[in-house]
Amino acid sequence: MFLELEAVFAREGELKEINYEFSLQDDGFVTPVSVAGRVVNKTGIVYLEARAGFDYSTSCARCGKPILRHASVPIRHILVSHLDDENDDDDYIIVDNMRFDLDGLVTEDIYLALPPRFLCKEDCKGLCPYCGKDLNEGECGCKKPTDPRWDVLKDLF
């Protein structure tokens with residue numbers, strides 16, 4: 001979604017409401033991303049304040065069970081029309097020509113907010129590395145192989 005922000009940058013106290021949906025081209029997102037918020041000029045500083053909500057589907061990194069969750073990601077940035085010094089500053093988003101493509105920024109914030117791996121529950125025990133049984137359902141009972149190099153130490157005790 002392209003935002004026309006000339007009026008917001010021009011007048012202190014001006015705001016533009018945001019309420020739209022877009023689809024991410026990723027298999028894990030099962031619903032469109034719903035973005036709601038506003039762009040507001042507070043004392044000459046333009047703020048983007050929004051939330052992106054979506055449902056995603058993936059599998060547990062430990063046991064492989066399917067996971068379906070809802071996520072709500074805060075989107076907060078300071079928008080500027082230009083920077084006075086030549087160094088790029090990651091604290092500000094530069095808006096060229098008073099038009100801004102919001103989809104790219106929201107997508108980036110979503111991927112940065114998602115965890116590196118997903119778990120079905122915090123204390124997921126995963127699968128037995130030898131027999132493959134789901135350890136969340138109980139102990140597997142299989143005999144774990146031992147390293148034969150340690151057999152010599154058994155005779156000491």
Side-chain angles (χ1 to χ4, degrees), residues 1-5 8-9 14-42 45-81 83 88-151 153-154:
M1 173 179 192
F2 278 97
L3 297 175
E4 298 289 340
L5 297 175
V8 177
F9 274 97
E14 184 75 20
L15 70 91
K16 182 172 188 75
E17 294 289 331
I18 303 166
N19 194 357
Y20 78 105
E21 291 184 346
F22 72 99
S23 294
L24 280 175
Q25 302 301 320
D26 189 333
D27 293 338
F29 292 86
V30 294
T31 61
V33 176
S34 174
V35 181
R38 64 189 186 154
V39 178
V40 61
N41 185 332
K42 297 179 186 175
I45 301 171
V46 178
Y47 295 93
L48 167 62
E49 302 164 340
R51 280 201 118 24
F54 55 92
D55 292 337
Y56 63 91
S57 174
T58 187
S59 57
C60 179
R62 291 184 186 158
C63 69
K65 287 182 182 172
I67 301 170
L68 178 63
R69 296 241 169 90
H70 177 77
S72 181
V73 176
I75 311 294
R76 290 190 176 89
H77 295 281
I78 298 174
L79 307 178
V80 296
S81 59
L83 288 175
D88 284 338
D89 194 337
D90 291 337
D91 294 334
Y92 305 104
I93 305 296
I94 299 174
V95 177
D96 293 323
N97 302 322
M98 297 299 152
R99 286 190 83 214
F100 184 67
D101 181 15
L102 190 56
D103 293 355
L105 182 65
V106 171
T107 302
E108 183 178 318
D109 283 358
I110 287 171
Y111 282 119
L112 289 173
L114 290 176
R117 63 186 196 152
F118 297 92
L119 299 176
C120 60
K121 56 186 180 180
E122 284 300 315
D123 62 343
C124 178
K125 296 177 183 174
L127 304 176
C128 174
Y130 305 105
C131 69
K133 182 178 186 315
D134 187 349
L135 298 176
N136 295 309
E137 298 170 359
E139 292 298 318
C140 62
C142 72
K143 184 169 168 63
K144 313 291 189 267
T146 59
D147 188 342
R149 295 175 292 179
W150 295 102
D151 288 344
L153 294 176
K154 288 180 187 176

Separation between SG (Cys142) and OH (Tyr130), nearest 0.5 Å, reads 8.0 Å
Does the side chain of Val39 come within less than 4.5 Å of Phe100's, by heavy atoms? no
Take the angle between the ring planes of Tyr56 and Phe54 and call it parallel below 30°, perpendicular above 60°, tilted in between. tilted
Give the minimum heavy-atom separation between Glu17 and Gly37, together with the two atoms involved. OE1-O, 3.4 Å
Crowded around Asp27 CG? As in, over 12 foreign heavy atoms under 6.0 Å? no
Answer yes or no: is there a side-chain heavy-atom contact under 4.5 Å between Asp55 and Phe29? no
Work out which heavy atom in Met98 is nearest to a heavy atom in Ser81; give both atom names and the distance. CE-CB, 3.6 Å
Glu49 and salt bridge (Lys or Arg N to Asp or Glu O under 4.0 Å): which partner among Lys16, Arg76, Lys42? Lys42
Short question: side chain of Arg62, backbone of Cys124 - any donor-acceptor pair under 3.5 Å? yes
Separation between CG of Leu68 and OG of Ser59, rounded to the nearest 0.5 Å: 12.5 Å
Leu105 CG to Ile110 CD1 distance, which is reported to the nearest 0.5 Å: 10.0 Å
Gap between atom CG of Leu127 and atom CG of Asn136 - 0.5 Å precision: 8.5 Å
Nearest heavy-atom pair of Ala52 and Val33: which atoms, and what distance? CB-CG1, 3.9 Å
In short, Gly138 meets Lys133 closest at the heavy-atom pair O-NZ, 3.5 Å
Mind jotting down which residue pairs meet the salt bridge (charged side-chain N to carboxylate O under 4.0 Å, His left out) criterion with at least one end in residues 64-73? Sequence neighbours excluded, please. Lys65-Asp134
Can you name the closest pair of heavy atoms from Ala113 and Val73 and give their distance? CB-CG1, 3.7 Å
Any side-chain heavy-atom pair of Leu102 and Leu48 under 4.5 Å: yes
For the pair Asp26 (side chain) and Gly28 (backbone), establish whether a donor and an acceptor sit closer than 3.5 Å, ignoring hydrogens and angles. yes
Checking the side chain of Ser57 only, and the main-chain atoms of Val30 only, is there a donor and an acceptor separated by less than 3.5 Å? no
Under the rule for side-chain hydrogen bond (donor to acceptor under 3.5 Å, both in side chains), what residues qualify as partners of Glu108, not counting sequence neighbours? none
Which heavy atom of Ser34 sits nearest to which heavy atom of Glu21, and what is that distance? CA-CG, 3.9 Å
So how far is it from Leu79 CG to Asn41 CG, rounded to the nearest 0.5 Å? 10.5 Å
Does some side-chain heavy atom of Ile75 sit less than 4.5 Å from a side-chain heavy atom of Val35? no
Could you give all pairs that pass the salt bridge (charged side-chain N to carboxylate O under 4.0 Å, His left out) test and reach residues 119-131, with sequence neighbours left out? none
Distance (rounded to the nearest 0.5 Å) between Leu15 CG and Tyr47 OH: 14.5 Å
Side chain Asp103, main chain Met1, donor-acceptor under 3.5 Å: yes
